[in-house]
Visitor: 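Have a look at the structure that comes next, please.
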Amino acid sequence: MNNNSLDPVISIGTLAKKVGLSVSAIRKYEEQGLIISHRSASGHRLFSYEDIERLRTIQHLIRNLGFNIEGIRRIEAILPCWDLLPCSEEVRNNCLAFKGSTKPCWMIKDAHCTRQGNECRKCHVYRFGTLHTEGIKVLLHSTGDNNKKRKIINKALED
DNA sequence: ATTCTTACA
DNA sequence: TGTAAGAA
């Protein structure tokens, strides 16, 4: 069976070589919420092929566009996940990702969506986050129309 | 050999 | 960002 771009099959050392980052830098990005790793049974980080693209985007933002880690995190933090998933009014009104989030939704502990068994590393909000930086600009200007927002994300993520 | 966590420059 | 320690 073919593995898809989200399957966790790459060790941190291999990933570091592929993208030209140090292992410690990748761990730092994860600690700071820029990337999510899967863990093997033995606790070792495993990454996907899509994560390679994600790290390349992060590198571009930092090296060429003048962002730092916190700057990227703040951009991610304002993605309107409540409209994109979407979740009910009752749910969002009790969710820290909607109320006062200074962190990306995938860093929020006990969010409703993650309690339902969803993995953030597979979620469209997370995947869109640093894979499509131009799309974020478009997304944030498309206020009001949630269907339009979802279309933007789905189009950006289709293979 | 490789990666883990924690701590520190 | 990188390095170091001790454990797995």
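Per chain, numbering begins at 1; letters A, B, ... match sequence-line order. Computed from heavy atoms alone, side chains included, the values below leave out hydrogens, waters and symmetry copies. As the structure is a prediction and not an experimental result, all values here were calculated from the model.
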Visitor: Report the distance from atom CG of L55(A) to atom P of dT1(C), rounded to the nearest whole Å.
Guide: 11 Å
Visitor: Do any N or O atoms from the side chain of Y126(A) and from the backbone of I36(A) form a donor-acceptor pair under 3.5 angstrom?
Guide: yes
Visitor: Using a heavy-atom cut-off of under 4.0 Å over every strand shown, decide if I69(A) touches base, sugar-phosphate, or nothing.
Guide: nothing
Visitor: Using side-chain contact (heavy atoms from CB on, under 4.5 Å) as the criterion, point out the one residue from D83(A), L84(A), L85(A) that pairs with N146(A).
Guide: D83(A)
Visitor: Provide, to the nearest angstrom, the distance between the CZ atom belonging to R39(A) and the P atom belonging to dT2(B).
Guide: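 One finds 19 Å between P of dT2(B) and CZ of R39(A), rounded.
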Visitor: dT3(C) phosphate, OP1 or OP2: any side-chain N/O from S24(A) under 4.0 angstrom?
Guide: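 Negative; the distance criterion is not met.
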Visitor: Want to settle it: does H44(A) or V23(A) sit nearer the 5' end of DNA chain C, counting the closest nucleotide to each?
Guide: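 Final value for this comparison: V23(A).
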Visitor: Do L21(A) and I58(A) touch side chain to side chain, with heavy atoms closer than 4.5 Å?
Guide: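 Side chain of L21(A) against side chain of I58(A), heavy atoms only: no contact under 4.5 Å found.
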Visitor: Take E31(A) and T14(A), find for each the nucleotide of DNA chain B with the closest heavy atom, and name the residue whose nucleotide sits nearer the 5' end.
Guide: T14(A)
Visitor: Nearest heavy atom decides the nucleotide; on that basis, is S42(A) or K28(A) closer to the 5' end of DNA chain B?
Guide: S42(A)
Visitor: Would you tell me if any nitrogen or oxygen in the side chain of R27(A) comes within less than 4.0 Å of OP1 or OP2 on dA7(B)?
Guide: no
Visitor: Within the distance-only criterion (no hydrogens, no angle test), does the side chain of R54(A) pair as donor or acceptor with the backbone N or O of L34(A) below 3.5 angstrom?
Guide: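 Judged by distance alone, yes, a pair lies under 3.5 Å.
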Visitor: Measuring from the side chain of I12(A) (C-beta onward, heavy atoms only), which nucleotide among dT5(B), dT1(C), dT3(B) has the closest atom?
Guide: dT3(B)
Visitor: Could you tell me the separation between the NE2 atom of H38(A) and the C1' atom of dC4(B), rounded to a whole number of Å?
Guide: 16 Å
Visitor: Between atom CG in L21(A) and atom C1' in dG2(C), what is the gap in whole Å?
Guide: 13 Å
Visitor: Answer yes or no: does a side-chain N or O of R45(A) lie under 4.0 Å from OP1 or OP2 of dC4(B)?
Guide: yes
Visitor: Which heavy atom of S11(A) sits nearest a heavy atom of T14(A), and at what distance?
Guide: OG-OG1, 3.0 Å
Visitor: Distance check needed: dT2(B) P versus L46(A) CG, whole Å only.
Guide: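 Going from L46(A) (CG) to dT2(B) (P), I get 16 Å.
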Visitor: Between dT3(B), dT1(C), dT5(B), which one does the side chain of Y29(A) approach most closely?
Guide: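 The nucleotide sitting nearest to the side chain is dT1(C).
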